[in-house]
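To keep things clear, I will list the structure first and then write my remarks on it.
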Amino acid sequence: MPVDMNVAQAFMEQVQEMGKMEVPSKLSDQERVETAKQVIRDGINAQLAIDLEACVHCGLCAEACHFYLASKDPKHTPIRKLDLMKRMYRRERSPARWLYRLFVKDVTIDDLNEWEELVYDSCTVCMRCSLICPMGINIGGGVAVMRAAMRTADLMPVEMRLVGQEQAEKGTIFGVGSEQFVQTLEELRKTGLKIPLDEPEADILVLSAVTDIVLFKDTLVSTIKIMNHIGAKWTFSSQGYESANFGYMTGDQEWQCAASKRVYDAAVACGAKTVIVAECGHSYPTLRWAGAELMGKPLPFEVLAPSEFLGREIQAGRLKVKPIGKQAKFTFHDPCKIGRIGGVVDAPRVVLDALGVDLTETEPHGVENLCCGGGGGNFLITRALPLRLKVFELKMKQFDDTGAEEVVTSCDSCMMNIMAGTMAHQWPKPTHSLMDLVGHHLA
Amino acid sequence: MKTGTTVNRHATRQSTTWLLPVVWLLLTICGTAVAEEQGGGAVPNPGIELWRAVREGPPPGVSRSQVEGIGMTTLIAEGGERWRQLRSNYVAPWGGWALVGMLGVLTLFHLVRKSPERFDGSSGKVIVRFPDYDRILHWFMAGTFLFLAISGLILLLGRYVILPLVGPQAFGAIASASKEGHNLFGPVFIVSLTLFVLRFAQRNFFARGDLAWLAKGGGMLSGKHVSAGFFNAGEKILFWSITFGGLAISISGLILVFPLFGQSRELMQLMLLVHGIAALVLIAFTFGHMYLGSIGLPGSFNAMNTGKVDADWAHAHHDRWHREAEEKGLIEKAPS
Amino acid sequence: METIAAFLEGPFWYFSAAVFVVGVVGRLALALSLGSSKSLSVPRGSASAGAVRAVFSRFVPRRDFYRRIRLEVIAGYAFHVGLFVLLFFAAPHVEFYKEYILGFGWPTMPRWAFIVVSEIAFAGLIVLWLRRLLHPVSRKLSDAGDHIGSILIFFVMLTGCLALGEDHESLRLIHLFLAQLLLIYFPFSSLMHTFTFVFSRGYIGAGFAHHGVKA
């Protein structure tokens, strides 16, 4: 059940190699500044404008941010990540811009360089800061605009840039494309698994993710087993199978749109009423919440997160599981993209309850849960690893405080990040994917 | 317009003042009449008995007044004059000059001492001395104390120092503002003092080594550092002075500002003296504290500014604390 | 004194009030006019209910956060509630509103209550401002505008309390003048949060509620 550490090590080394590459930009510094400013300016909508007007610089958001809590460095204060946006707003969009221009400095290339680390390396867009803010400022939304600006200015961590470009241009991630996906399925079929692929008609389209193909193959197998177990009319699609969307993480709308469109077309082609994304945190909000906006119309199918799907099937009585028993103590880590942003909090508890495990919640958990530090594409950034490991110390303490011996989560990014932390800190507790846990305990 | 009330009050005062000579005249006539009736110019001042009786006041429970209240049956508050003289002739000038003297001593000390060691952060290491909450509390109390000290000094010395400079009209406004502000901020100071004492008391209990520190005068004269823990004996003395001096100021202040609980005039007069003297002493101490916390000992101000002090500073001034921090691994790299 | 009073209660009062009203309304209107795209995804909860909910629920921090920000919450409430009560229930203020703005008044608090409330408000404000100065996070975030705002409010409150004796016209005029400066400064500063907080909380509450999260 646990991941093959050799495979994991090899995968991480592959990512680290990427981090060493140099990808020169065609843009001059002047062009970078101009294009970034343009994107920021256009990205300020009414909500962000009101937010920037409402901020009193109290800095309470820092107390919610796992990066600040780990580093205690004031530069990691969430709202400070929108400082350039605030300056742009004051100088160019605020009604008092004639006055502000006298005091507020213009955005420079040095600022942008400095902010690259702030909006990518030290932010997972987990939205926890928006829960503590007395004004309710949407800092995550602002960071998304900042990321879009940085992306157009070719100022983002090289790993994210390479992977994003690869997905947009070749349709592959880490060299894994449709061909490799089909190949993996063929291999699995040899083990006797019945795997529907490219069915012309299906009720449910199930997605996979590069991480499940490369790293967490057990989760993929479990997914297939579960789908067959409930007897649904389901299919994979060789064209629209990828959950991961690096356009969403990097802030590139074109990339994001291209990736979402593939899934959308596949779902429409087979007439699916339901699309289940893989356990790939960000893929859920990408499709569930942002998908309709990208397509310009409401989606003709519903989008479910794996835990949401499992919970629903258990409650409907279609999915039956063998109890694991109370001998092992578990705790559950709510992935930020699925819990706080996705709104799926109860479903995984329904599943764990059905599995009969001894569950102790971390403090806090659910909507308030502390992000693992790997979300938003952060797990890819090699240079951010030291900070990420510091964040993981907070998580480790949280997990240890529950007294649990095993951790369950439902997100590949979280899995990978916890794995990296486990390796670095020699932390002995195994982490499971919820999907995989269910797949191994089907009645 | 608010000036109306002022005018009216002046008017009332003027309308009653003419009564005084009339009363005096009446008393004089009565006195003379009585003396003449007793016959003989041998008695030098027959009114003396009357005045003595008036000064001493009636025995308790004998006299009544239509106006109910404390001391309403007293015609002349004899103690008031003595108190006034004590305050104007002793407390105010001596207190004022004592503060000036304190400043002078500090200036002189600063000029003659050999220049103190500077800690420019070359160690590259810092220790957290006062976390955020400690610093907020310190400045909360310091801020209210400073405001109360200034407004209080205006009330005590303003008529000698400020009145001649700005004239009676402006000084009237300044004094009124000082009085209102002083009364208002008093209770805020009590809150800050309470929180401060609760937070810092534990670290200020006297311990071994404090006597040795005191015996060497903290090394102020020799210029050699004396071994000390988190707080040295001088700081501890300041702390307990503030605690008990502050307590005296607080209690006396409350008695003065809420004359609602039957406290007598004598008690209030006494409290005013306690209040003023304790405050003057604390202000003088504060001058020394401010000097030592800033230019007197370079590097000290960081403790209450950023909360982090240079590790070398800590080693020089608080070696035992420095060692503890070292053992606990609390010495950090200085932020770049 | 007479001419100063006439100026402060006449033209300067109208000027400062106009800057305040036009500034606040204009700044809000222009920010809101930037518009937001309408969400097309199927909601999991009512956005408008979430908006209303967040405006009120944000008055109470979540338990896990409260443990970390106790001082800020207590000082914040002391200052804000205190200031609100002073602004609307201090006798001289109600008298001013009656005479210069509304034409009617309402019951006011007794003098002792005024003093107690202003002490609470002062304690809160001083602690909040010191926190702004001393906490490394807010120290780095704060700009001159924030400090000007804090200091201006402090002196407006202070001069108001120094004028408590109500026996010197000059003290009252200083208070009035500083209050008018505050009115002029208001729409150019983060004091705007007095009004924008309703909208920003509403937006975030709506966004989270759309996703089925109570924020």
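As the structure is a prediction and not an experimental result, all values here were calculated from the model.
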Worksheet item: To the nearest 0.5 Å, how far apart are CG in A:Leu131 and NZ in C:Lys214?
Response: 14.0 Å
Practice prompt. Could you look at A:Lys72 and say if it's the side chain, the backbone, both or neither that has a heavy atom under 4.5 Å from chain C?
Written response: neither
Worksheet, complete the sentence: Cut-off 4.5 Å, heavy atoms of chain C, and the answer for A:Tyr89 is side chain
Discussion item. Among A:Glu63, A:Glu293, A:Arg340, A:Met295, which residue has the highest count of heavy-atom pairs closer than 4.5 Å to chain C?
Written reply: A:Glu293
Worksheet item: In terms of heavy-atom proximity below 4.5 Å to chain A, should C:Asp146 be classed as side chain, backbone, both, or neither?
Response: side chain
Worksheet item: Checking heavy atoms, do the side chain of C:Pro61, its backbone, both or neither come under 4.5 Å from chain A?
Response: neither
Worksheet item: Where on A:Arg90 is there a heavy atom nearer than 4.5 Å to chain C: the side chain, the backbone, both, or neither?
Response: side chain
Discussion item. Please rank A:Pro285, A:Gly342, A:Ser130, A:Pro298 by heavy-atom pairs under 4.5 Å with chain C and give me the top one.
Written reply: A:Ser130
Worksheet item: More than 12 heavy atoms of other residues, nucleotides or ligands under 6.0 Å from CZ of C:Phe12: is that the case?
Response: yes
Practice prompt. Compare every heavy atom of A:Glu368 with every heavy atom of C:Asp64, then report the nearest pair and how far apart it is.
Written response: CB-OE1, 3.5 Å
Discussion item. Can you confirm whether C:Phe59 is buried at CZ, in the sense that more than 12 heavy atoms of other residues, nucleotides or ligands lie under 6.0 Å from that atom?
Written reply: yes
Practice prompt. Look at C:Thr196, C:Val198, C:Leu128 and state which one has the largest set of heavy-atom pairs under 4.5 Å with chain A.
Written response: C:Thr196
Practice prompt. Measure from the side-chain N and O atoms of C:Arg131 to the backbone N and O of A:Cys58, and report whether any donor-acceptor pair falls under 3.5 Å.
Written response: yes
Item to complete: Identify which part of C:Phe195 has an atom lying under 4.5 Å from any heavy atom of chain A, answering side chain, backbone, both or neither.
Response: neither
Fill in: Ion pair A:Asp51/C:Arg201, N-O distance below 4.0 Å
no
Worksheet entry | Side chain, backbone, both or neither of C:Ser37 within contact of chain A (heavy atoms, under 4.5 Å) | neither
Fill in: Heavy-atom contact with chain A under 4.5 Å, split by part of C:Ser39
both
Response to the item:
From the list C:Ser138, C:Pro136, C:Ser190, C:Gly35, the residue making the most non-hydrogen contacts under 4.5 Å with chain A is C:Gly35
Worksheet, complete the sentence: Closest non-hydrogen contact found for A:Met127 with C:Ile204 is CE-CD1, 4.4 Å
Item to complete: For A:Trp289 and C:Val42, work out which heavy atoms get closest and say how close.
Response: CZ3-O, 3.5 Å
Item to complete: Answer with side chain, backbone, both or neither: which region of C:Leu30 has an atom nearer than 4.5 Å to a non-hydrogen atom of chain A?
Response: side chain
Practice prompt. Verify the neighbour count for atom CH2 of C:Trp129: are there more than 12 heavy atoms of other residues, nucleotides or ligands below 6.0 Å?
Written response: no
Worksheet, complete the sentence: Okay, A:Val56 and chain C: the region with an atom under 4.5 Å from a heavy atom over there is both
Practice prompt. Go through C:Lys38, C:Arg62, C:Arg68 and name the one with the most non-hydrogen pairs under 4.5 angstrom from chain A.
Written response: C:Arg62
Worksheet item: Given the options C:Pro43, C:Ala31, C:Gly212, which has more heavy-atom pairs under 4.5 Å with chain A than any of the others?
Response: C:Ala31
Item to complete: Check whether A:Leu69 gets within reach of chain C through its side chain, its backbone, both or neither, counting any heavy atom under 4.5 Å.
Response: side chain
Worksheet entry | Exceeds 12 heavy-atom contacts within 6.0 angstrom, atom CG of A:Asp346 | no
Response to the item:
Comparing C:Met192, C:Arg44, C:His193, C:Arg132 against chain A, the one with the most heavy-atom pairs below 4.5 Å turns out to be C:Arg44
Worksheet, complete the sentence: Scored by heavy-atom pairs under 4.5 Å with chain C, the best of A:Leu299, A:Leu48, A:Leu60, A:Val344 is A:Leu60
Worksheet entry | C:Ser36 side, atom OG; A:Asn45 side, atom CG - distance, nearest 0.5 Å | 4.5 Å
Worksheet item: If you draw a 6.0 Å radius around CZ in C:Phe88, do more than 12 non-hydrogen atoms from other residues or ligands fall strictly inside?
Response: yes
Item to complete: Supply the atom-to-atom distance C:Leu34 CG to A:Gln47 CD, rounded to the nearest 0.5 angstrom.
Response: 12.0 Å
Worksheet item: Under a 4.5 Å heavy-atom cutoff, which of A:Asn138, A:Ile132, A:Val345, A:Ile341 has the most pairs with chain C?
Response: A:Ile132
Fill in: Residues A:Arg87, C:Asp143: salt bridge by 4.0 Å N-O rule
no
Worksheet, complete the sentence: So, the part of C:Ala54 with a heavy atom under 4.5 Å from chain A: the answer is neither
Discussion item. I need the residue from A:Gly136, A:Cys133, A:Ala49, A:Ala46 with the largest number of non-hydrogen atom pairs under 4.5 Å to chain C.
Written reply: A:Ala46
Worksheet item: When rounded to the nearest 0.5 angstrom, what is the spacing between NZ in A:Lys75 and NZ in C:Lys140?
Response: 8.0 Å
Item to complete: Check whether more than 12 heavy atoms from other residues, nucleotides or ligands sit under 6.0 Å from atom CD of A:Glu117, and answer yes or no.
Response: yes
Practice prompt. Tell me, yes or no, whether the heavy-atom count around C:Trp106 atom CH2, taken from other residues, nucleotides or ligands under 6.0 Å, exceeds 12.
Written response: yes
Item to complete: State the SG-CZ distance between A:Cys61 and C:Phe65, to the nearest 0.5 angstrom.
Response: 10.5 Å
Worksheet item: For A:Ala62, is it the side chain, the backbone, both, or neither that has a heavy atom closer than 4.5 Å to a heavy atom of chain C?
Response: side chain
Fill in: Options A:Gly141, A:Pro95, A:Gly59, ranked by heavy-atom pairs under 4.5 Å with chain C, top entry
A:Pro95
Discussion item. Can you classify the ring geometry of C:His135 versus A:Tyr68 as parallel (below 30°), tilted (30 to 60°) or perpendicular (above 60°)?
Written reply: tilted
Item to complete: Heavy atoms only: give me the nearest C:Phe188-A:Tyr100 pair and the separation to one decimal.
Response: O-OH, 2.9 Å
